[in-house]
Amino acid sequence: MITIKSILVATNHLMQGGGTETYTYTIVKELLNRGFEVEYFTFMKGEFSERMENELGVRFQSKKQYDLILANHNTCVEALMGYGFIIQTCHGIYPELEQPSVCANFHVAISQEVQYHLAIKGFISVIIMNGIDTTKFCSKKNINKELKNVLSLCQSENANKFIQKVCDYLGVNFICIDKDSKRVFNVEDLINESDLVIGLGRSAYEAMACGRPLIIYDNRSYFDTSADGYVTNKLAASLIHNCSGRFYKLKLTEEMMIEEFKKYNPIDGDVLKKYILDNMTIQLVIDKYLNLFDDLQNYPSNYDKNYFLKFTQRVFYVRIIKTLLKKVRQ
């Protein structure tokens with residue numbers, strides 16, 4: 001195992017809570033717990049970066065060299081090139097920030113869908129799924145045998161209005177939270193007040209960790225409305241696309257969503273929680289990142305020698321371009 005002392009965790013923005021921001025917080029917390037020297041980097045500080053500094057005691061980048069840089073967005077990769085060995089984690093296929101950077105030493109995909117997307121673009125990657133802090137996201141309250149409370153973690157006003165209608169029809173309590181209109185850091189408290197959670201991606205995993213049955217659905221602006229529905233028997237398929245709803249791509253009508261609600265079974269929450277505990281705890285995920293770094297340092301042949309040759313060539317041209325841009329800006 002290569003000795004690692006200093007690690008920089010980089011994310012494009014840390015202004016308010018969201019999936020990538022929470023992921024950054026979780027990684028930093030676990031690395032600090034393991035005794036590493038950890039700092040963070042972002043272009044946009046805010047409420048969330050202040051929380052990280054105050055609660056975790058982590059500080060903004062102060063060094064010119066790190067043993068390892070874990071970067072979440074391509075903007076960070078390009079800004080930090082030359083500061084250390086960079087592993088870029090790509091969390092999606094559509095957002096521009098999630099596209100792979102030629103300046104990264106290696107890439108991690110959080111799902112099979114993302115790995116395929118990177119391969120099409122000519123990048124080798126390994127899959128390491130999102131890590132969940134299961135000391136924070138855990139079951140603190142038993143759910144009801146009959147469905148009474150539904151929590152929406154959707155990020156769309158239209159999606160929430162749609163779910164509200166279904167809840168009103170079935171006579172169940174509707175709870176709504178979204179990262180743009182309401183800033184709630186301790187979202188696990190709301191999850192534990194619900195019986196059924198509706199959302200995508202990291203929100204889905206956090207609900208699963210709390211032992212809550214799940215409906216995968218949202219109406220995001222950057223892709224067509226889609227859903228996998230009530231997922232217990234569909235989990236393996238949904239995971240291929242990071243529980244984004246893009247596997248089954250269901251176009252749920254109100255009548256169809258009502259039928260999804262009726263599938264509610266409190267036992268399913270235990271099944272979903274077990275999957276998280278067996279596969280997606282932040283401890284398991286950090287182990288995979290550290291082992292990957294060790295493998296890349298010791299056995300580069302395992303990851304295609306041509307990749308590293310191409311990487312060197314790419315970096316050479318990128319550095320020339322960055323130098324020219326600096327001269328133009330001056």
Side-chain angles (χ1 to χ4, degrees), residues 16-19 21-23 25-26 29-30 33 48 51 55-56 129-155 159-160 163-179 181-218 227-235 238-239 243 257-258 260-285:
Q16 62 186 52
E21 292 87 343
T22 303
Y23 184 64
Y25 184 102
T26 305
K29 179 182 176 182
E30 176 60 21
N33 286 342
F48 202 85
R51 178 183 291 275
E55 295 182 0
L56 301 179
M129 301 179 72
N130 275 271
I132 304 299
D133 181 356
T134 51
T135 63
K136 175 180 172 70
F137 290 95
C138 57
S139 180
K140 301 174 183 176
K141 183 178 179 180
N142 293 331
I143 58 179
N144 293 299
K145 293 182 179 179
E146 300 294 330
L147 180 61
K148 294 183 179 180
N149 303 294
V150 172
L151 170 65
S152 171
L153 296 177
C154 296
Q155 296 179 15
N160 286 324
I163 298 166
Q164 174 82 71
K165 288 183 180 179
V166 175
C167 288
D168 291 344
Y169 178 84
L170 293 174
V172 298
N173 183 41
F174 174 68
I175 308 168
C176 175
I177 173 178
D178 69 83
K179 69 178 183 180
S181 63
K182 299 177 183 178
R183 298 180 183 181
V184 179
F185 180 70
N186 296 320
V187 66
E188 71 276 9
D189 293 335
L190 288 176
I191 293 175
N192 273 285
E193 290 300 319
S194 66
D195 300 315
L196 174 69
V197 176
I198 303 176
L200 301 180
R202 188 171 184 84
S203 296
Y205 301 134
E206 291 170 349
M208 289 166 60
C210 293
R212 265 52 192 174
L214 174 70
I215 289 177
I216 293 178
Y217 165 81
D218 203 343
D228 287 340
Y230 192 82
V231 299
T232 303
N233 295 328
K234 305 175 180 178
L235 181 59
S238 294
L239 289 168
C243 291
M257 183 64 91
I258 288 170
E260 296 302 303
F261 273 46
K262 290 180 179 180
K263 296 176 183 178
Y264 171 79
N265 186 335
I267 296 176
D268 294 334
D270 293 330
V271 176
L272 297 177
K273 179 173 68 175
K274 186 177 186 305
Y275 181 85
I276 297 294
L277 293 176
D278 289 346
N279 299 279
M280 294 180 63
T281 67
I282 189 59
Q283 292 82 10
L284 290 171
V285 166

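Just so you know, these numbers come straight off a predicted model, no measurement behind them. Start at 1 with the first residue, then count along the sequence. We use all heavy atoms of the structure for the numbers below, so side chains are in, but hydrogens, waters and symmetry mates are not.
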Working to the nearest 0.5 angstrom, can you tell me the gap between [X] [atom1] and [Y] [atom2]?
X: Tyr25; Y: Lys136; atom1: OH; atom2: NZ; result: 7.0 Å
X: Asn144; Y: Tyr264; atom1: CG; atom2: OH; result: 6.0 Å
X: Leu190; Y: Glu206; atom1: CG; atom2: CD; result: 12.0 Å
X: Ile175; Y: Leu151; atom1: CD1; atom2: CG; result: 5.5 Å
X: Tyr275; Y: Thr232; atom1: OH; atom2: OG1; result: 13.5 Å
X: Glu188; Y: Cys138; atom1: CD; atom2: SG; result: 8.0 Å

Step by step, work out the side-chain contact (heavy atoms from CB on, under 4.5 Å) result for Leu272 and Arg212.
CA-CA 7 Å; Leu272 297 177; Arg212 265 52 192 174; over 6 Å; no
Of all heavy-atom pairs between [X] and [Y], which one has the smallest distance, and what is that distance?
X: Cys154; Y: Ala159; result: CB-CB, 4.0 Å
X: Ser139; Y: Lys273; result: CB-NZ, 4.2 Å
X: Asp278; Y: Leu284; result: O-CD1, 3.5 Å
X: Ile191; Y: Cys210; result: CG2-CB, 3.5 Å
X: Ala204; Y: Gly199; result: CB-O, 4.4 Å

Heavy-atom side-chain contact between [X] and [Y] under 4.5 Å:
X: Ile132; Y: Thr26; answer: no
X: Leu235; Y: Met208; answer: yes
X: Phe174; Y: Val166; answer: no
X: Tyr230; Y: Asn265; answer: yes
X: Gln16; Y: Glu21; answer: no
X: Glu193; Y: Lys141; answer: yes
X: Leu147; Y: Pro213; answer: no
X: Val285; Y: Tyr23; answer: yes

Chi angles and distances behind the side-chain contact (heavy atoms from CB on, under 4.5 Å) call for Phe137, Tyr205
CA-CA 9 Å; Phe137 290 95; Tyr205 301 134; over 6 Å; no
Do the side chain of [X] and the main chain of [Y] share a donor and acceptor less than 3.5 angstrom apart?
X: Lys234; Y: Asp228; answer: yes
X: Arg202; Y: Gly131; answer: yes
X: Asp133; Y: Thr135; answer: yes
X: Asp195; Y: Lys148; answer: yes
X: Asp218; Y: Gln155; answer: yes
X: Asn192; Y: Lys140; answer: yes
X: Thr281; Y: Leu277; answer: no

Could you give me the CA-CA distance, side-chain angles and deciding distance for Leu170 and Ile258, then say whether side-chain contact (heavy atoms from CB on, under 4.5 Å) is met?
CA-CA 8 Å; Leu170 293 174; Ile258 288 170; 4.0 Å; yes
So for atom CG, which belongs to Asn233, do other residues, nucleotides or ligands contribute more than 12 heavy atoms lying within a distance under 6.0 Å?
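12 or below, so no.
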Crowded around Asn142 CG? As in, over 12 foreign heavy atoms under 6.0 Å?
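Incorrect, the count does not exceed 12.
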Between Asp168 and Gln164, do the side chains contain a donor N or O and an acceptor N or O under 3.5 Å apart?
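Yes, side-chain donor-acceptor contact under 3.5 Å.
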With distance as the sole criterion, is a donor-acceptor pair present between the side chains of Tyr217 and Glu260 under 3.5 Å?
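The criterion, which ignores hydrogens and geometry beyond distance, is not satisfied for Glu260 and Tyr217.
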Kindly indicate, with the supporting measurements, whether the criterion side-chain contact (heavy atoms from CB on, under 4.5 Å) is fulfilled by Met129 and Leu239.
CA-CA 9 Å; Met129 301 179 72; Leu239 289 168; 3.6 Å; yes
